Protein chains: 2
Amino acid sequence: MEFKEAKNKFIQTWGALGSQWGINKTMAQIHALLMVSPESLSMEDIMEELLISRGNASMNLRALMDWGIVYKEYKSGERKEFFTAEKDLDELAVKIAQERSKREIKPALKVLKDVSSIDTTKSAETKHFVEQTSKLYDFVLKADNMIDKVTEFKDNWIGRLVMKIMK
Amino acid sequence: MEFKEAKNKFIQTWGALGSQWGINKTMAQIHALLMVSPESLSMEDIMEELLISRGNASMNLRALMDWGIVYKEYKSGERKEFFTAEKDLDELAVKIAQERSKREIKPALKVLKDVSSIDTTKSAETKHFVEQTSKLYDFVLKADNMIDKVTEFKDNWIGRLVMKIMK
DNA sequence: AATAACTTTCAATTATTTTTGAAACTTTAA
DNA sequence: TTAAAGTTTCAAAAATAATTGAAAGTTATT
């Protein structure tokens, strides 16, 4: 396998993985492309490499910047904007986790809290419902708190110890 | 808010969350419904409650059973099949994680390994590519190993200690 | 072995999401 | 201040994914 083929395979795979996880294909592909580009790329470069339209590139670059995992760069003497990806993978993981927590988990938690707070003096069915949704609330809250803790966690000694134990 | 409204809100929210994470809406809704049902439900019950077709119910129940998070039950005297959800949340989380690992992460890892193994004696661009994809391979492998370890992890003492530290 | 009860399959339809492309907008340089 | 270079927006089109429903397939009962 030579470079061009490997690069394309990587971009396609990353795109497919993204769409299985609720991130749109182009967004994941742009990110993949920027990850393996030693130099920052212009919108033109990206459109050309991925064969996508200007609008598509613009919208997905905006989304990636909103997620905080792609940055704009200005080159002196150049008028256009260049883009580059967050390449520190720990940083990347934390940002993605935080963003998804904020957008998806936090709102779901609110609903779980609400629905698990209904008056339970009624039927057995209601009791079971409240029981289950309360458990779910606790569980999701715990999982979500772990995300919040990861940033600090990966820097302290016991964290590193545990990482080691987990291989 | 009374029971019926709460139940509906829960099912809708869980369905929406599912589709943001690459699980189809109906599949997540059926699971949600079974989670809060004290009794196991027939396909008929599920169709009626979620207003979906027989085919849809059948296919998504099959998928949930493939994931190992919904089980068939037979009631004596009844000819039809009843369904019930895994209600132990730790068990649920582990099964979902394992399933997604098997279906999505493992194949992606294979690709990462392949593309990061190309001949690096060529251009600087190639060197950078191999460097980045190798890092990614190590990172994803580590994350995936953590999933494999969670089952045992949650049962042993240091695991519980760390859980406590993480609040 | 025929029939009734129930489940699965899958081509066609419907719904949802993504992408395009051209117009509107913004910024910079002359 | 104008025109060129570049970017964003968004309605319409295309692509993708989910759903239906009826026919085919199974299994249990008489």
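Chain identifiers are assigned alphabetically (A, B, ...) following the order of the sequence lines, protein sequences preceding nucleic acid strands; residue numbering begins at 1 within each chain. All values reported here derive from a predicted model rather than from experimental measurement.
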Looking at A/S40, is its backbone amide N or carbonyl O close enough to the side chain of A/S37 to form a donor-acceptor pair, meaning the two atoms are under 3.5 Å apart?
no
Could you give the CD-to-P distance, from A/E73 to D/dT7, as a whole number of Å?
14 Å
Which heavy atom of B/E86 sits nearest to which heavy atom of B/L92, and what is that distance?
CG-N, 4.1 Å
Would you say the side-chain atoms of B/D144 pair up with the backbone N or O of B/V140, donor to acceptor, closer than 3.5 Å?
no
Smallest separation among heavy atoms of A/K102 and A/P107, with atom names
O-CD, 3.4 Å
Between residues 25-62 of chain B and DNA chain C, which residues have a heavy-atom gap below 4.0 Å?
B/M43, B/R54, B/G55, B/S58, B/M59, B/R62
Quick check: closest heavy atoms across B/W14 and A/L112, and the distance to 0.1 Å?
CZ3-CD1, 4.3 Å
Mind calculating the distance between CE (B/M65) and C1' (C/dT8) to the nearest angstrom?
11 Å
I need the CD1-P distance between B/I23 and D/dA17, as an integer number of Å.
15 Å
N or O in side chain of A/N24 less than 4.0 angstrom from C/dT19 OP1/OP2
yes
Angle, rounded to 10°, between the helical axes spanning five pairs at each terminus of the helix from C/dA1-D/dT30 to C/dA30-D/dT1?
10°
Quick note, salt bridge (charged side-chain N to carboxylate O under 4.0 Å, His left out) partners involving residues 19-47 of chain B, not counting sequence neighbours, are B/E44-B/R54
Value in whole Å for how far the C1' atom of C/dT27 lies from CD of A/E81
10 Å
Return the value, rounded to whole Å, for the distance between atom CD of B/E78 and atom C1' of D/dT29.
15 Å
Strictly distance-based, threshold 3.5 Å: is any side-chain N or O of B/E78 a donor or acceptor partner for the main-chain N or O of B/K80?
no
Closest contact, heavy atoms only, A/T84 versus A/E73:
CG2-OE2, 3.6 Å
Taking every heavy atom of B/M27 against every heavy atom of B/N60, the minimum-distance pair comes out as CB-ND2, 3.5 Å
Rounded to whole Å, CZ of B/R79 lies from P of D/dT27 at a distance of 12 Å
Nearest-Å distance for atom pair CD/C1', residues A/Q20 and D/dT16
14 Å
Using atom OH of B/Y74 as one end and atom P of C/dC6 as the other, report the distance to the nearest whole Å.
13 Å
